[in-house]
Structures are given as C-alpha cells and as structure tokens.
Protein chains: 2
Amino acid sequence: MSNLGLVAISAPTAPCCPPVTAGALTATDAEVMAGMFKALGDPVRLRLFANVASADDGEACVCDIQDVGVSQPTVSHHLKKLREAGLLTSERRGSWVYYRVAPGVLDAMATMLSPTR
Amino acid sequence: MSNLGLVAISAPTAPCCPPVTAGALTATDAEVMAGMFKALGDPVRLRLFANVASADDGEACVCDIQDVGVSQPTVSHHLKKLREAGLLTSERRGSWVYYRVAPGVLDAMATMLSPTR
DNA sequence: ACCCAGATTCGACATGTGTCTATCTTGACA
DNA sequence: TGTCAAGATAGACACATGTCGAATCTGGGT
C-alpha cells in the first residue's frame with residue numbers, strides 16, 4: 001500500500017521477503033518465506049546447514065559434514081531439501097560434491113527478522 | 001569445547017543460539033534453534049507472527065489478526081504452537097486475548113543468521 | 001440467572017515428513 | 001573393462017502435522 005517505484009532494483013539474489021515487523025504478509029510471500037524457515041526447522045538440516053555455513057572456504061564436501069547422526073541417504077535427502085528451499089547450492093568436482101550457502105540467503109533471512117528500521 | 005565460566009550471565013532472554021556461521025552445532029542447540037525456525041516454517045503461522053510483530057502497540061488481539069485464511073480454531077492452534085516455541089506471549093484482558101512477540105526473540109534469531117564478523 | 005461473543009480444547013482424518021534399507025549413478029583408477 | 005567409493009534415488013513405513021466441526025471454557029451484559 002505504500003512502496004512504489006524503487007523496489008526491483010535493490011535485491012539481486014533473493015526475490016522476496018520483507019521484515020515481519022513491516023506489516024502483514026501476502027499469502028505468496030508467506031509461502032516463500034515459510035519455506036526457508038521450514039528448511040531450517042529440522043535439527044539435522046540445521047546442523048548440516050551450520051556445517052556448510054561455517055566451513056573454511058565457504059564450502060564443504062558432503063563427506064565432511066555428514067556426521068550428524070543419521071544414515072547417508074538421510075543426509076542426502078536433507079541436503080536436497082535445503083537445495084530445493086534455495087538455501088544451499090551444490091557442485092560436483094571429481095568424486096566429491098561440494099555444498100555452499102546460496103548467496104544472499106543469510107542476509108535475506110536476517111532481514112526478515114530485523115526490527116522495522 | 002571452548003566456553004567455560006561466563007555463560008549463565010550474558011543471555012537473559014534467549015538461552016541459546018550461536019550463529020550458524022560460528023561452527024558446528026551441538027545436538028541440543030540444534031534442537032532448540034530448529035524448534036524456533038520450525039515455528040515460523042508454516043505460512044499461516046508466519047502470517048500470524050508478522051501480524052503480531054507489526055502491530056501498532058507491539059501487541060494484537062486475536063480477533064484482529066485471525067484473517068489468514070483458515071478457521072478460527074486453526075488460528076488458535078497455530079498461536080499455541082508459537083507460544084510453545086517461545087516466540088509469542090499472550091495475556092487475557094477482559095474478553096480478548098492479546099499476543100506480543102516474546103522479548104529478545106527477533107534478536108536471537110537474527111543472531112543465529114548473522115555472518116561471522 | 002441467563003445468554004452471547006471471544007477464544008481454547010477435543011476428536012477425527014487426510015496429508016506431509018523423517019528415517020531406513022536396497023538400489024542406482026557417477027567418476028576415478030587399476 | 002572392471003571395480004571401488006561418493007552420493008543420489010526409490011520404495012516402504014511409522015509418526016507428526018494442518019485442518020476442520022463440535023464441544024467447552026471465560027468474561028461481560030442484560
């Protein structure tokens with residue numbers, strides 16, 4: 001009801017996601033945003049995500065992060081969920097697959113939770 | 001493995017939650033943190049939460065925020081989930097029940113998503 | 001005392017989700 | 001070409017979750 005004009009310019013990576021403090025959410029915005037929170041709403045996925053997010057070079061091989069207490073297929077399943085939610089990206093190099101946090105994601109989610117400023 | 005001593009002093013509101021960029025999470029930390037994300041991981045709940053978080057006086061009556069596309073008992077159910085997750089508090093005044101964002105919650109969650117800096 | 005409106009709880013039900021074992025795919029290397 | 005290891009996929013299954021209608025609870029008026 002208020003913002004017109006300079007909207008599309010600012011957010012290059014994440015196409016969404018106003019702060020929750022900014023006002024009511026549209027159904028579609030809520031869907032997208034909730035999808036991201038939901039992806040981090042499982043302990044195993046959150047640990048995997050943290051393992052990637054805190055990796056030395058910003059990326060981590062699956063083999064280095066899969067020690068989270070579940071079987072290898074389950075790890076793969078959760079990593080897929082995180083990919084589908086747009087939180088992680090993956091790249092195969094040789095025998096290994098490397099995951100990294102999708103660009104802009106941490107900022108986007110932090111923005112959703114930022115006070116109205 | 002590293003922090004000893006001055007733990008209990010610092011965090012008065014949220015008893016948890018290091019940044020995901022800070023390193024691997026313990027199973028219990030992951031459980032607590034994921035619980036909060038999970039609570040926001042449903043579109044209806046996220047809309048309710050946003051309605052409360054953006055309310056004028058920091059609080060909102062259920063009757064003012066329940067226009068999120070589901071039945072009234074379902075609204076109540078989701079508000080309960082948000083309460084149980086520690087994200088909202090509620091107080092009855094007369095006929096109405098008012099909800100507000102639990103103190104420190106937005107900061108705590110934003111911290112979890114903050115870059116290591 | 002009665003009733004009414006706001007809000008929660010209850011019971012039921014369909015759908016979604018996390019987990020596993022087994023199998024398949026992909027690339028490296030002998 | 002054959003084999004091995006890293007990961008992904010498939011199928012199955014128990015359990016959690018979102019939703020509703022009906023019943024219940026809680027205060028305020030009349």
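Every value quoted in this text rests on a predicted model; they were computed, and no experiment measured them. Lettering follows sequence order; numbering is per chain, from 1. FYI, side chains are in, hydrogens and waters are out, and symmetry mates aren't considered; it's all heavy atoms of this structure.
One atom, NZ of A/Lys38, and another, C1' of C/dT15, lie 11 Å apart when rounded to the nearest Å. Between A/Asp42 atom CG and C/dG18 atom P there is a gap of 5 Å when expressed in whole angstrom units. Following rounding to the nearest Å, B/Leu88 (CG) and C/dA7 (P) show an atom-to-atom distance of 14 Å. The distance from atom CD of A/Glu31 to atom P of C/dG16 is 12 Å, rounded to the nearest whole Å. B/Leu79 has its CG atom 16 Å from the P atom of C/dG6, to the nearest Å.
No option in A/Gln66, A/Arg45, A/Arg83 other than A/Arg45 meets the side-chain hydrogen bond (donor to acceptor under 3.5 Å, both in side chains) test with A/His78.
Although no hydrogens or angles enter the test, the distance criterion places no donor-acceptor pair under 3.5 Å between the side chain of A/Ser76 and the main chain of A/Gln72. A distance-only check finds no donor-acceptor pair linking the side chain of A/Ser114 to the backbone of A/Pro19 [under 3.5 Å]. At distances below 3.5 Å, at least one donor-acceptor pair connects side-chain atoms of B/Arg92 with backbone N or O atoms of B/Gly94.
Clustering ILVMFWY residues whenever any of their side-chain heavy atoms sit less than 4.5 angstrom apart, transitively, puts A/Leu106 in the very cluster that holds B/Leu25. Transitive grouping of hydrophobic side chains (ILVMFWY, heavy atoms separated by less than 4.5 Å) brings B/Val70 and B/Leu48 into a common cluster. Taken together through direct or relayed side-chain contacts under 4.5 Å among Ile, Leu, Val, Met, Phe, Trp and Tyr, A/Tyr98 and A/Val105 form parts of separate hydrophobic clusters. Follow the hydrophobic side-chain contacts under 4.5 Å out from A/Leu88 and you reach A/Val97 in the same cluster.
Between B/Val75 and A/Gly41, the residue anchored nearer the 5' end of DNA chain C, judged by the nucleotide with its closest heavy atom, is B/Val75.
Contact annotation: B/Tyr99 side-chain N/O to C/dA7 OP1/OP2 distance is not under 4.0 Å.
Of the candidates C/dT19, C/dA7, C/dT8, the closest approach to any side-chain atom of A/His78 belongs to C/dT19.
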Restricting to nitrogen or oxygen on both sides, can you table the protein-nucleotides 20-28 of chain C pairs closer than 3.5 Å?
{"from": "C/dC20", "atom 1": "OP2", "to": "A/Ser71", "atom 2": "N", "distance (Å)": "2.9"}
{"from": "C/dC20", "atom 1": "OP2", "to": "A/Ser71", "atom 2": "OG", "distance (Å)": "2.9"}
{"from": "C/dC20", "atom 1": "OP2", "to": "A/Thr74", "atom 2": "OG1", "distance (Å)": "2.8"}

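Reading DNA chain D from its 5' end, the first and the last nucleotide to sit under 4.0 Å from a heavy atom of chain A are D/dA6 to D/dT9.
Among all heavy-atom pairs drawn from B/Met33 and B/Pro18, the shortest one is CE-O, 3.3 Å.
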